Amino acid sequence: MASIIANELRVRLAGRRLFGTVEVLKGISFELHKGDRLALIGPNGAGKSTLLQVIAGVLHPSEGSISIDGKVSALFHLNVGQRRESSGRRNMVLRNLLSGYKYGDIQEKLPEMEAFADIGAALDDPMETYSQGMAMRTVFAAATAFEPEILLMDEWLGVGDAAFREKSDKRMDEMAANSGIIVLATHHQRLSRQKCNLGLYLDSGEVKFFGPVDEAWDRYLNPSKPKIVVQG
């Protein structure tokens with residue numbers, strides 16, 4: 001069963017001052033389970049991208065722990081893990097090999113990946129010659145070919161033409177219906193309210209709210225809104 005359990009995550013990165021560090025994530029804790037779709041929301045610099053990188057394994061927490069059960073595919077930082085001098089087709093194979101899939105299974109899926117990317121003969125050209133949209137098509141087609149159990153995204157729906165956005169949106173819906181976990185860092189309120197059931201509101205590296213996505217957006221957009229809490 002796919003799951004992500006984060007416990008008191010803290011990440012410190014080198015700051016501007018010599019030998020100094022900046023704490024960019026401060027005591028982050030949350031749990032996600034099969035079927036959850038989480039929207040990471042908050043202002044620029046809140047720590048959303050850093051948290052995505054921790055979940056992807058690109059960064060490691062300075063303190064705390066993160067437990068991940070399931071295969072992870074990340075759709076951000078397109079250059080990470082890519083051989084820019086290799087063709088799009090070769091990178092499709094490499095990405096899935098790194099994700100732990102067998103070469104024979106990848107070869108069987110290649111025609112489907114090629115059709116989904118729909119960039120024609122350019123698939124045999126080096127990825128360093130690709131536009132941002134072509135690279136996203138190639139990476140998205142490869143990363144979602146096996147319906148990954150955990151998919152990490154950073155505003156991917158905003159890339160590409162209308163036809164590709166429609167295809168990728170449909171695939172996202174299919175993945176959600178198949179009960180994978182989706183973590184989407186986004187500034188798009190309407191999209192995340194439609195696609196996600198949970199929201200994690202970050203500000204200055206701290207969790208301000210974790211819970212239903214509608215309430216997360218309400219807390220973010222109305223931070224000073226009066227609240228009454230009754231416990232008993």
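Below, each value reflects all heavy atoms present in this structure, side chains not excepted, and no hydrogens, waters or symmetry copies. All of these numbers come straight from a predicted model, not from anything done at the bench.
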* Gap separating the OG1 atom of T129 from the CE atom of M134, nearest 0.5 angstrom -> 6.0 Å
* Hey, is D169 close enough to K195 for a salt bridge, meaning N to O under 4.0 Å? -> yes
* Roughly how far, to the nearest 0.5 Å, is the NZ atom of K48 from the CG atom of L25? -> 11.5 Å
* Asked: Under a single-linkage definition using a 4.5 Å side-chain heavy-atom cutoff for Ile, Leu, Val, Met, Phe, Trp and Tyr, are V213 and L51 assigned to the same hydrophobic cluster?
  -> no
* Would you give the length of the straight line joining atom CZ of F30 to atom CG of L38, rounded to the nearest 0.5 angstrom? => 6.5 Å
* To do: For a side-chain contact (heavy atoms from CB on, under 4.5 Å) with L40, tell me which candidate from L152, V183, I55, D154 qualifies.
  => V183
* Asked: Does T186 have any side-chain hydrogen bond (donor to acceptor under 3.5 Å, both in side chains) partners at least two apart in sequence or in another chain, and if so, which?
  -> E155
* Min side-chain heavy-atom separation L94-R83 under 4.5 Å -> yes
* Asked: Rounded to the nearest 0.5 Å, how far apart are OH of Y220 and CG of L200?
  -> 13.0 Å
* Asked: What are the two closest non-hydrogen atoms of Y103 and V93, and how far apart are they?
  -> CE1-CG1, 3.9 Å
* **Where at least one partner belongs to residues 139-153, residue pairs that pass salt bridge (Lys or Arg N to Asp or Glu O under 4.0 Å), sequence neighbours excluded** => none
* To do: Sequence neighbours left out, what passes side chain to side chain contact (heavy atoms under 4.5 Å, CB included) with A142? Give chain and number order.
  => M92, R95, N96, M113
* Asked: Would you say I5 and V11 are hydrophobically clustered, going by side-chain heavy atoms of ILVMFWY under 4.5 Å?
  -> no
* To do: Tell me, please, which residues at least two apart from E31 pass side-chain hydrogen bond (donor to acceptor under 3.5 Å, both in side chains).
  => H33
* Structure fact -> Residues passing the side-chain hydrogen bond (donor to acceptor under 3.5 Å, both in side chains) test with S192, sequence neighbours excluded, are W217
* To do: Indicate, with yes or no, if L9 and F209 share a hydrophobic cluster defined by side-chain heavy-atom contacts under 4.5 Å among Ile, Leu, Val, Met, Phe, Trp and Tyr.
  => no
* State, yes or no, whether a side-chain contact exists between Q189 and L221 at a heavy-atom distance under 4.5 Å. => yes
* May I ask you to test the K71-Y101 pair for a side-chain heavy-atom distance under 4.5 Å? => yes
* With sequence neighbours excluded, residues passing side chain to side chain contact (heavy atoms under 4.5 Å, CB included) with E8 -> R10, S29
* Find the distance between OG1 (T138) and CG (L123) and round it off to the nearest 0.5 Å. => 6.0 Å
* Asked: Could you give all pairs that pass the side chain to side chain donor-acceptor pair (under 3.5 Å) test and reach residues 197-213, with sequence neighbours left out?
  -> D36-N197
* Any chance you could measure T50, atom OG1, to L13, atom CG, to the nearest 0.5 Å? => 6.0 Å
* **Side chains of I41 and L202 in contact at under 4.5 Å (non-hydrogen atoms)** => no
* Heavy atoms only: give me the nearest R165-S168 pair and the separation to one decimal. => O-OG, 3.1 Å
* **Pairs flagged by salt bridge (Lys or Arg N to Asp or Glu O under 4.0 Å) wherever residues 103-117 is involved - sequence neighbours left out** => R89-E114, K109-E112, E112-R171
Donor-acceptor pairs under 3.5 angstrom involving side-chain atoms of residues 59-70: please list them, not counting sequence neighbours.
| from | atom 1 | to | atom 2 | distance (Å) |
| --- | --- | --- | --- | --- |
| S62 | OG | R12 | N | 2.9 |
| E63 | OE2 | R12 | NH1 | 3.0 |
| E63 | OE2 | R12 | NH2 | 3.0 |

* Does A143 offer a backbone N or O that forms a donor-acceptor pair with the side chain of S73 under 3.5 Å? -> yes
* With E166, which residues qualify under side-chain hydrogen bond (donor to acceptor under 3.5 Å, both in side chains), at least two apart? -> none
* K34 side chain vs I181 backbone, donor-acceptor pair below 3.5 Å -> no
* Contacts of F116 that satisfy ring-ring contact (aromatic ring centres under 6.0 Å, His included) - sequence neighbours left out -> F140, F164
* **Any donor-acceptor N/O pair, R137 side chain to A117 backbone, under 3.5 Å** => yes
* **Contacts of D214 that satisfy salt bridge (charged side-chain N to carboxylate O under 4.0 Å, His left out) - sequence neighbours left out** => R193
